[in-house]
Engineer: 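Quick one: structure below, then a few questions.
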Amino acid sequence: MFAAENGLKGDPRLEAISAAIRVVPNFPKKGIMFQDITTLLLDHKAFKHTIDIFVDRYKDMQISVVAGVEARGFMFGPSIALAIGAKFVPLRKPGKLPGKVISESYELEYGHDRLEMHVDAVEPLERVIIIDDLVATGGTLSAAISLMESQGAEVVECACVIGLPEVKGQHKLKGKPLYVLVEPSGLDEFC
């Protein structure tokens with residue numbers, strides 16, 4: 001569900017967030033309109049709006065874990081976790097975490113990858129939100145859901161700053177709700 005469809009229609013914060021995201025054509029390969037959130041991070045007001053909207057949504061949902069997908073989920077997740085009184089769990093690429101880990105493989109549009117987390121990062125029945133910057137196919141978020149559920153945690157929702165209007169892979173989110181702030185910019189140039 002897009003934030004504009006959930007009580008935030010016309011909210012100027014969403015426009016500011018969208019305007020702060022730079023579009024880089026043909027990166028990392030031809031035909032891709034890369035949504036660069038580093039410019040959002042440089043705009044402290046738009047960045048604060050992003051965090052505030054997520055915090056407002058989750059502050060009364062008894063969330064105990066905010067899981068952030070490497071690497072851009074790390075930029076939003078810790079701030080949200082601190083504000084709602086939850087712990088932050090990093091979901092990393094292979095080989096980045098010391099100690100015992102569990103992993104989940106997933107498919108990308110151009111190959112395969114894997115997410116890992118510490119085996120003791122979440123407890124059974126903990127309530128989790130998973131955050132990333134963008135959802136396109138849903139493969140990464142589905143892997144994150146599998147990691148959490150393998151440890152007995154309850155994934156309440158997945159959240160992304162940017163999401164394709166049709167969210168092509170929503171069926172891969174294992175029936176979990178998806179909350180998205182804005183649609184990507186620059187797609188009409190390739191449509």
Side-chain angles (χ1 to χ4, degrees), residues 1-3 5-6 35 37 50-51 53-182 184:
M1 142 187 4
F2 284 85
E5 300 164 355
N6 191 42
Q35 306 293 307
I37 57 125
T50 303
I51 300 302
I53 291 170
F54 285 132
V55 168
D56 287 347
R57 180 161 181 86
Y58 299 116
K59 66 184 176 187
D60 296 322
M61 289 185 166
Q62 293 77 46
I63 302 299
S64 53
V65 177
V66 176
V69 177
E70 185 170 342
R72 292 177 292 274
F74 295 1
M75 297 173 191
F76 303 101
S79 297
I80 297 165
L82 283 172
I84 67 172
K87 65 184 175 182
F88 176 74
V89 173
L91 305 178
R92 305 284 324 254
K93 302 288 183 180
K96 302 285 186 174
L97 292 170
K100 190 172 180 183
V101 298
I102 57 171
S103 66
E104 184 71 28
S105 296
Y106 61 98
E107 290 192 32
L108 300 165
E109 292 179 67
Y110 46 86
H112 301 282
D113 211 341
R114 206 168 72 229
L115 285 178
E116 295 183 344
M117 76 173 187
H118 283 120
V119 72
D120 58 355
V122 296
E123 300 290 325
L125 305 178
E126 282 193 297
R127 291 174 53 84
V128 179
I129 59 167
I130 299 169
I131 183 108
D132 203 356
D133 68 326
L134 181 138
V135 57
T137 65
T140 307
L141 291 174
S142 292
I145 292 168
S146 293
L147 280 174
M148 293 296 139
E149 290 180 340
S150 74
Q151 300 304 293
E154 175 193 355
V155 176
V156 175
E157 190 165 79
C158 295
C160 293
V161 178
I162 308 162
L164 296 179
E166 66 277 9
V167 188
K168 295 188 279 188
Q170 191 167 4
H171 65 281
K172 294 183 182 175
L173 296 180
K174 302 183 177 205
K176 303 300 178 190
L178 173 64
Y179 186 71
V180 175
L181 298 188
V182 298

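Numbering of residues begins at 1 and proceeds along the displayed sequence.
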Engineer: Report the distance from atom CD1 of I131 to atom CG of L91, rounding to the nearest 0.5 Å.
Structural biologist: 11.5 Å

Engineer: Report yes if the side chains of V161 and F54 come closer than 4.5 Å at any heavy-atom pair, otherwise no.
Structural biologist: yes

Engineer: State, yes or no, whether a side-chain contact exists between I37 and F76 at a heavy-atom distance under 4.5 Å.
Structural biologist: yes

Engineer: Shortest non-hydrogen contact from D120 to E123?
Structural biologist: O-OE2, 4.3 Å

Engineer: What verdict does the side-chain contact (heavy atoms from CB on, under 4.5 Å) test give for M117 and V122, after you've listed the backbone C-alpha separation in whole Å, the side-chain angles of each residue and the deciding distance to 0.1 Å?
Structural biologist: CA-CA 9 Å; M117 76 173 187; V122 296; 3.8 Å; yes

Engineer: To the closest 0.5 Å, what do you measure between CD (E107) and OG1 (T140)?
Structural biologist: 11.5 Å

Engineer: Considering non-hydrogen atoms only, spot the tightest contact between I63 and V65 and give its length.
Structural biologist: CG2-O, 3.2 Å

Engineer: So how far is it from R57 CZ to I84 CD1, rounded to the nearest 0.5 Å?
Structural biologist: 12.0 Å

Engineer: Return yes if some donor-acceptor pair links the side-chain N/O of H118 with the main-chain N/O of P90 below 3.5 Å, else return no.
Structural biologist: no

Engineer: Considering all heavy atoms of both residues, which atom of S105 and which atom of A143 are nearest to each other, and what is their separation?
Structural biologist: O-CB, 4.3 Å

Engineer: Where is the tightest heavy-atom contact between V156 and P177, given as atom of each residue plus distance?
Structural biologist: O-CD, 3.4 Å

Engineer: To the nearest 0.5 Å, what is the distance between NZ (K174) and CE (M148)?
Structural biologist: 12.0 Å

Engineer: Roughly how far, to the nearest 0.5 Å, is CD1 of I162 from CD of Q35?
Structural biologist: 5.0 Å

Engineer: Indicate yes or no: at least one non-hydrogen side-chain atom of D113 is less than 4.5 angstrom from one of P94.
Structural biologist: yes

Engineer: Determine yes or no for a side-chain-to-main-chain donor-acceptor pair under 3.5 angstrom, with K87 supplying the side chain and A121 the backbone.
Structural biologist: yes

Engineer: May I ask you to decide if L147's main-chain N or O and S150's side chain share a donor-acceptor pair within less than 3.5 Å?
Structural biologist: yes

Engineer: Give me the atom names and distance for the closest heavy-atom approach of A144 to V69.
Structural biologist: CB-CG2, 4.4 Å

Engineer: Work out which heavy atom in Y58 is nearest to a heavy atom in A159; give both atom names and the distance.
Structural biologist: OH-CB, 3.3 Å

Engineer: Hey, is E154 close enough to R127 for a salt bridge, meaning N to O under 4.0 Å?
Structural biologist: yes

Engineer: Give, for atom OG of S64 and atom CD of E126, the distance between the pair rounded to the nearest 0.5 Å.
Structural biologist: 4.0 Å

Engineer: Show, in sequence, the C-alpha distance, side-chain angles and deciding distance for L178 and L141, and conclude whether the side-chain contact (heavy atoms from CB on, under 4.5 Å) test is met.
Structural biologist: CA-CA 10 Å; L178 173 64; L141 291 174; 4.1 Å; yes

Engineer: Are I80 and I129 side-chain neighbours, meaning at least one heavy-atom pair lies under 4.5 Å?
Structural biologist: yes

Engineer: Return yes if some donor-acceptor pair links the side-chain N/O of E116 with the main-chain N/O of G95 below 3.5 Å, else return no.
Structural biologist: yes

Engineer: Can any side-chain N or O of Q62 pair as donor or acceptor with the backbone N or O of D60 at less than 3.5 Å?
Structural biologist: yes

